[in-house]
Amino acid sequence: MTKRTLISILMVICLTSCSEKFKTIDPTDFNKKISTRTDIKSVEQLARLFYDFPENEGIPHLEIESRELMDNKFEVTLIHDNQQDDSQRATKLILIAEQKNDTWSILEIKENWRCYQGRGHTDWGIEYCN
């Protein structure tokens with residue numbers, strides 16, 4: 001592979017991933033709900049608590065990745081793929097959270113989704129599936 005080809009591939013990856021659109025969610029109500037909880041031990045557990053999965057849809061297929069940003073701030077990405085929905089295939093949540101002492105608060109929440117083939121967009125976006 002030539003250097004020029006490699007640069008072109010990297011530019012395409014950046015342009016497509018950088019253009020991913022998200023819907024923002026206000027974390028205020030959830031932060032009130034967890035403000036006195038000291039039993040949340042990880043940012044992954046926090047993400048699971050936030051993601052209110054409908055119990056009647058079986059066991060979700062969740063992928064959760066996290067990384068520490070700085071000063072007890074973390075980014076966690078939760079992806080629920082292969083949803084039991086007729087049009088929406090997957091949901092992605094990205095939370096920026098902060099831990100102070102034994103309590104957590106969410107600073108930012110972003111969400112987007114993918115549709116099943118033939119039901120709308122199959123890349124990550126915020127247009128509704130049909």
Side-chain angles (χ1 to χ4, degrees):
M1 185 180 309
T2 68
K3 188 175 182 179
R4 178 179 236 156
T5 303
L6 183 59
I7 291 172
S8 296
I9 291 170
L10 290 173
M11 287 179 61
V12 168
I13 290 170
C14 181
L15 289 174
T16 55
S17 63
C18 296
S19 65
E20 192 173 327
K21 290 189 168 87
F22 288 91
K23 173 183 154 187
T24 58
I25 299 172
D26 184 354
T28 304
D29 289 340
F30 185 75
N31 282 334
K32 285 179 188 173
K33 183 176 166 181
I34 63 165
S35 65
T36 59
R37 291 192 55 177
T38 58
D39 62 321
I40 302 169
K41 300 300 180 197
S42 68
V43 71
E44 294 87 0
Q45 183 183 6
L46 179 69
R48 286 179 185 272
L49 284 170
F50 177 79
Y51 186 59
D52 190 20
F53 179 75
E55 290 180 21
N56 63 342
E57 290 192 16
I59 299 172
H61 177 259
L62 301 178
E63 297 175 31
I64 301 175
E65 293 184 15
S66 64
R67 64 186 179 105
E68 186 168 2
L69 300 175
M70 66 180 141
D71 301 327
N72 290 323
K73 290 186 176 85
F74 299 83
E75 177 183 82
V76 61
T77 301
L78 179 148
I79 296 176
H80 177 194
D81 201 1
N82 298 314
Q83 292 179 198
Q84 294 184 9
D85 185 272
D86 63 343
S87 59
Q88 187 170 310
R89 175 185 170 160
T91 299
K92 181 194 300 185
L93 289 168
I94 298 177
L95 288 70
I96 306 296
E98 180 176 37
Q99 185 180 31
K100 289 184 181 174
N101 300 318
D102 291 331
T103 60
W104 288 90
S105 63
I106 296 179
L107 307 173
E108 181 182 357
I109 305 168
K110 300 187 298 186
E111 176 185 35
N112 63 13
W113 48 88
R114 293 190 308 194
C115 307
Y116 281 107
Q117 187 73 34
R119 301 305 302 261
H121 57 93
T122 56
D123 54 344
W124 294 107
I126 57 173
E127 296 79 28
Y128 288 105
C129 303
N130 52 37

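Just the heavy atoms: all of them, side chains too, but no hydrogens, waters or symmetry mates, feed the values below.
- Within 6.0 Å of the CD atom in E68, the count of heavy atoms belonging to other residues, nucleotides or ligands exceeds 12.
- A single hydrophobic cluster is not seen to contain both I96 and L78; linkage of ILVMFWY side chains at heavy-atom distances under 4.5 Å, directly or through other members, places them apart.
- The heavy-atom pair separating L95 from A47 by the smallest distance is CD2-CA, 4.3 Å.
- Shown here for I64 and E44, the closest heavy-atom pair between the two residues is CG2-CG, 3.6 Å.
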Distance-only donor-acceptor pairs under 3.5 Å for side chains of residues 99-107, two or more places apart:
from	atom 1	to	atom 2	distance (Å)
T103	OG1	K100	O	3.1
W104	NE1	I40	O	3.1

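- We find the CD1-CD distance between I79 and E65 to be 7.0 Å, quoted to the nearest 0.5 Å.
- F22 and F50 are members of different hydrophobic clusters when ILVMFWY side chains are connected at heavy-atom separations under 4.5 Å.
- E63 pairs by the side chain to side chain donor-acceptor pair (under 3.5 Å) definition with nothing, not counting sequence neighbours.
- One distance of note links OH of Y116 with CG of D86; it measures 9.0 Å at 0.5 Å rounding.
- The hydrophobic cluster containing V76 also contains Y51, counting ILVMFWY residues as joined when their side-chain heavy atoms lie under 4.5 angstrom apart, directly or transitively.
- Under the rule for a side chain to side chain donor-acceptor pair (under 3.5 Å), the partners of K92 that lie at least two apart in sequence or sit in another chain are E20.
- In this structure K41 satisfies the side-chain contact (heavy atoms from CB on, under 4.5 Å) test together with Q45, sequence neighbours excluded.
- In this structure, D71 CG and E98 CD are separated by 8.5 Å, a value rounded to the nearest 0.5 Å.
- Using cut-offs of 30° and 60° for the angle between ring planes, the W113 and H121 rings count as tilted.
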Go through the steps to decide whether L49 and K33 satisfy the test side-chain contact (heavy atoms from CB on, under 4.5 Å), and finish with yes or no. CA-CA 11 Å; L49 284 170; K33 183 176 166 181; over 6 Å; no

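- Remark: K23 NZ to E111 CD distance equals 5.0 Å, nearest 0.5 Å.
- A distance of 11.5 Å separates OG in S87 from OH in Y128, rounded to the nearest 0.5 Å.
- Evaluation of the salt bridge (charged side-chain N to carboxylate O under 4.0 Å, His left out) test over residues 113-130, restricted to residues two or more places apart or in two chains, returns D81-R114.
- A pairwise comparison of heavy atoms in A97 and L46 identifies CB-CD2, 3.6 Å as the closest pair.
- Heavy atoms only, all atoms of each residue included: N112 and G125 are closest at CB-O, 3.2 Å.
- For the side chain to side chain donor-acceptor pair (under 3.5 Å) test, residues two or more places apart in sequence or in another chain that qualify with T91 are Q83, Q88.
- The distance from atom CG of L62 to atom CG of L93, rounded to the nearest 0.5 Å, is 10.0 Å.
- Transitive grouping of hydrophobic side chains (ILVMFWY, heavy atoms separated by less than 4.5 Å) keeps F30 and I94 in distinct clusters.
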